[in-house]
Amino acid sequence: MIIRGKAWTSREYVMSFDMVVQRFWTSPIDKTENAKFIMAGVDAKYDQENAFKDEGYTFIVAAHNFAGGGKSIEHCVTGLMGAGIQVVFADSFARLQFRNAINYGLPFVTAKNVIDMVETGDELEYNLETCELKNLTNGQSMMTAPVAPFVAEVAAAGGLMDFIRQKIKDGTVGELR
Amino acid sequence: MTITEKIMAYNSGRDKVTPGELVWTDVFSVMTMDYLGKETFKMFDSLGTGDVFDKSRVICVSDHLVPPPTPQFATMLNEWRAAVKAHDIQYFYDLGRQGIAHQIMVEQGHVLPGKISVGTDSHANTYGAVGAMGNAVAVSDAAVAMATGKCWFRVPEQVKFYVTGTWQPWVMAKDLSLHIMGMMRWNGHLIYKTLEFAGPAIDALGMAGRMTLCNMTVDLGAKNGIIAPDQTTIDFLRPVQKGNWDMIASDADASYEAIYEIDITNLGPTVSRPDKLDDVVPVEMVVGTKFNKAFVGTCTNGRLEDIAMVAKILEGQQVHPDVNFLLVPASTQIMKDAIKAGYISTLLDAGVAVDTPSCSACAGIHTGVAGDGDVVLSAGNRNMKGRMGSKNAAIYLTSPAVVAASALKGEIVDPRR
Ligand code: SF4
């Protein structure tokens, strides 16, 4: 599958507690709801209903420790998905949100120095099968790390909850290892 | 193999595991707490298995919102209680028996050496202090673990900190945590990895210090922290755990992605400056900084040994009149022990406010939040803007010893002087 769209970038640490600010930590998990104030603490201009979503980004490109800061809340991932983000590229990801991303089937793709070839607003194209990332605005391209089979399996099932529901139904939970 | 690889292999029925591999393992216990608990049970119910995998191994704790500061939180707590009750959970630590979940998990023997436990809060890596693999997960993972007794993990790369030398007076495990933060920064060196702490200076640490070290590994960006069990671990767990456990340790020839040696003899009190945890300096560089709020508590530094350190420094003296000093024990058990030891009356005599166990001011949710212009000297674990309330407050993080000594003067001092 090929995904095409606009990128939002940051060289700074993008922290989980800024992606979802404190007043929403106790909100129910819901993609549309969680998207409304996503990134509100990253940039004050996004602290308005759907401000980030309305800019219409498909990709996020970041540097190290994306979504770090140790919050376990999955609102970070559901919020990004609700805002239309389909792939996140970074040098490294914080583990809690990396887990959440896998559980919801949102690709968090490790790509060394990816931030050096993309600026906010650039048009990107990403091939999920070949793992090639192209910047259509400046003509640069790179290969990213492939996605592990388990991750693809969970994504294909529609996320962890549906993946497990199917295993429960089949009576194969005990075989997970 | 390392202790981490052995634990992951044993709990997934394998002979060995390799970093990078994704495995499903058995989970010994699952913790969830007040503000995410209702959502966790809702997710669990949606899986349709009926009962949780083991009613004595799903541990529920009220810590972030108790006692409730607003009607909204009070209602949330009521919904949470109803969910816990409906699932017939055997261990429910609610207001009156409460404590910070991570403290309760270790103190009450709900985590064991060689086992894997998960919790819906980021500081679940505290469990590494007893040689368990403690992992923070989100509510979906916890729901799946509650239903199946299993969780998926990526086998982490492992980094060893070999710590030698002698702890200097007034220097605490917290100083080592902050020192490592300053040494490694947030630029990828520790992200997603397991930090194994070993060496004579770690052996010399009591359980409180070990918990502090493992607790803060999440703030360093790591997956978890772990310390192999020894006699200290056995002495600590025996009174609360009648069952047996494996004393798993790393092999002498185990391989690590990196090994860092630290000689603790040269380490002094350490401070993280406001907004970025990795902006760490020796205390000397911030001596003289004025502040108006002091806080000791949290899952990082709310234990008896921490309170003892504060009481020892404040004994017979008075907190500076410009400083509000709040101390909150991490659990009811610690509160009782601190009363018995006489620490609480020492603190009250010195002008410290002592509150009932909870997360308290740490997350800026209740009891003691920071307002505009506040400068807080805290023994907690996070100091980003707005963490304790107002975005216009500054938080310095340090050890209980630095907080106590500084509170006497109203400005940061070096407790060694
Ligand atoms: S004390 Fe602070 S860091 Fe620890 S669990 Fe509570 S809010 Fe989180």
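Here is the naming used below: chain letters follow the sequence lines, and residue numbers restart at 1 for every chain.
Here the side chains of A/Tyr13 and B/Asp278 are in contact, with some heavy-atom distance below 4.5 Å.
Interface remark: B/Thr25 contributes no atoms to any contact with chain A (heavy atom separation under 4.5 Å). Both the backbone and the side chain of B/Lys223 come within contact range of chain A, each with at least one heavy atom under 4.5 Å from a heavy atom of that chain. Contact of A/Asp91 with chain B is not made at all, since no heavy-atom distance falls under 4.5 Å. In this structure, the portions of B/Met43 lying under 4.5 Å from any heavy atom of chain A include both its backbone and its side chain. Heavy atoms of A/Leu96 lying under 4.5 Å from chain B belong exclusively to its side chain. With a 4.5 Å cut-off on non-hydrogen atoms, B/Lys276 touches chain A through its side chain but not through its backbone. For B/Arg382, the part sitting under 4.5 Å from any heavy atom of chain A is the side chain, from C-beta outward, and nothing else. B/Leu47 touches chain A through backbone and side chain together, each having a heavy atom under 4.5 Å away. When heavy atoms are compared at a cutoff of 4.5 Å, B/Val139 approaches chain A by way of both its backbone and its side chain.
Between A/Phe93 and B/Tyr192, the ring centre distance reaches or exceeds 6.0 Å. Proximity of the aromatic rings of A/Phe150 and B/Trp152 is defined here by a centroid distance below 6.0 angstrom, and this criterion is met.
Near-neighbour residues of residues 74-82 of chain A relative to chain B, defined by a heavy atom under 4.5 Å from a heavy atom of that chain, comprise A/Glu74. Taking 4.5 Å as the heavy-atom cut-off, none of the residues of residues 110-126 of chain A approach chain B. Using non-hydrogen atoms only and a strict 4.5 Å limit, no part of residues 31-59 of chain A faces chain B.
For the pair A/Gln22 (side chain) and B/Ala363 (backbone), a donor-acceptor distance under 3.5 Å is present. The backbone N or O of B/Pro156 lies less than 3.5 Å from no partner atom in the side chain of A/Arg95, so there is not a single donor-acceptor pair.
The stretch residues 163-176 of chain A participates, sequence neighbours left out, in these side-chain hydrogen bond (donor to acceptor under 3.5 Å, both in side chains) pairs: A/Asp162-A/Arg165, A/Arg165-B/Ser46, A/Gln166-A/Asp170.
A distance of 9.5 Å separates NZ in B/Lys38 from OG1 in A/Thr26, rounded to the nearest 0.5 Å.
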